[in-house]
Amino acid sequence: MKNLLFSLIALLSISGISAQDITKLNEDREFITYITNEANFIKNSPRKDLLNTIFADKKLEENELSTFYTIFGTDAARFNSFTESQNSMLKALSVKYNFNGHSDLQQILIVEIGEIQSSVSRDNCQQRYDNAIATNAAAMVVAHFGCASVDWTGVGAIVCHAAVFVVYLAANDNALLDYQDCKNK
């Protein structure tokens with residue numbers, strides 16, 4: 001039995017089972033779906049005016065979750081379901097592309113997300129805006145990946161993932177303001 005197990009391990013290690021080429025991430029339908037889902041979640045936030053209410057102290061507390069749900073037009077059950085689905089996709093992508101094996105993961109994600117956006121011709125202001133959005137999205141993916149390590153904590157995980165969305169939305173709003181300033185020069 002021990003020899004059979006050793007043979008199987010040896011066969012698997014020389015058979016070429018390895019992670020996918022991470023530079024092809026921008027072509028991966030699951031990755032594009034993941035990024036699109038995150039963007040759609042942000043777009044559906046009807047009460048961005050409340051963002052400053054919960055983000056004034058630069059952190060999200062458990063008692064501010066109801067305001068978070070209002071801002072993003074959701075409730076605890078739907079947000080948990082969304083987060084679980086997104087985490088499942090992110091974990092599958094992490095295995096497929098060996099995210100843990102890339103110390104420069106955020107930089108890789110910036111490039112890959114930028115590639116998804118690059119099909120449109122842009123001026124300098126638009127290019128800067130697109131770069132900022134790609135950077136924000138990459139930071140969001142990495143942050144959600146970090147939150148996955150506390151998913152077992154229940155409320156702590158919800159607060160972590162919710163805080164990622166709050167920071168992501170604020171960063172995207174800043175990118176939009178910078179874009180508008182650039183266009184008005």
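Position 1 is the first residue of the sequence; numbering continues from there. The structure displayed is predicted, hence computed values, not measured ones. Hydrogens, waters and symmetry mates play no part in the numbers below; they use all other heavy atoms, side chains included.
The CZ atom of F165 sits 10.0 Å away from the OG1 atom of T74 when rounded to the nearest 0.5 Å. One distance of note links OH of Y34 with OG of S88; it measures 11.0 Å at 0.5 Å rounding. Summarising the geometry, atom CZ belonging to F82 is positioned 8.5 Å from atom CG belonging to N40; distances are rounded to the nearest 0.5 Å. With rounding to the nearest 0.5 angstrom, the CD1 atom of I22 is 6.0 Å from the CG atom of L109.
In this structure, the side chains of K183 and Y179 come closer than 4.5 Å at one or more pairs of heavy atoms. Side-chain contact check for T83 versus I158: every heavy-atom pair is 4.5 Å or farther apart.
Between I113 and A138, the shortest heavy-atom distance links the atoms CD1-N, 3.7 Å. Minimum interatomic distance between I32 and E27 (heavy atoms only, all atoms of both residues): CD1-C, 4.3 Å.
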Exercise. Going through the checks in order, is the side chain to side chain contact (heavy atoms under 4.5 Å, CB included) test met by M89 and T33?
Worked result: CA-CA 9 Å; M89 267 193 278; T33 298; 4.1 Å; yes
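At a cut-off of 3.5 Å, with distance as the only test, no side-chain donor of N184 or Q180 sits close to an acceptor on the other residue. Side-chain contact of Q127 with N131: a donor-acceptor pair under 3.5 Å is present, judged by distance alone. A donor atom on one side chain and an acceptor atom on the other are not found under 3.5 Å apart for H161 and Q86. Judged purely by distance below 3.5 Å, without hydrogens or angles, the side chains of Y97 and D28 pair a donor atom with an acceptor atom.
Few gaps surround CD on E61; more than 12 heavy atoms of other groups in view lie less than 6.0 Å from it.
Note: F79 and F72 fail the aromatic proximity criterion, with ring centroids not under 6.0 Å apart. For H144 and Y168, the ring centers are positioned 6.0 Å apart or more.
Among the candidates N174, D173, N172, the single residue satisfying the side-chain hydrogen bond (donor to acceptor under 3.5 Å, both in side chains) test with N136 is N172. The only member of L93, N100, N87 that meets side chain to side chain contact (heavy atoms under 4.5 Å, CB included) when paired with F145 is N100.
A single hydrophobic cluster is seen to contain both L65 and L169, as judged by linkage of ILVMFWY side chains at heavy-atom distances under 4.5 Å, directly or through other members.
Between D21 and K24 there is no salt bridge, since none of the side-chain N atoms of the basic residue sits less than 4.0 Å from a carboxylate O of the acidic one.
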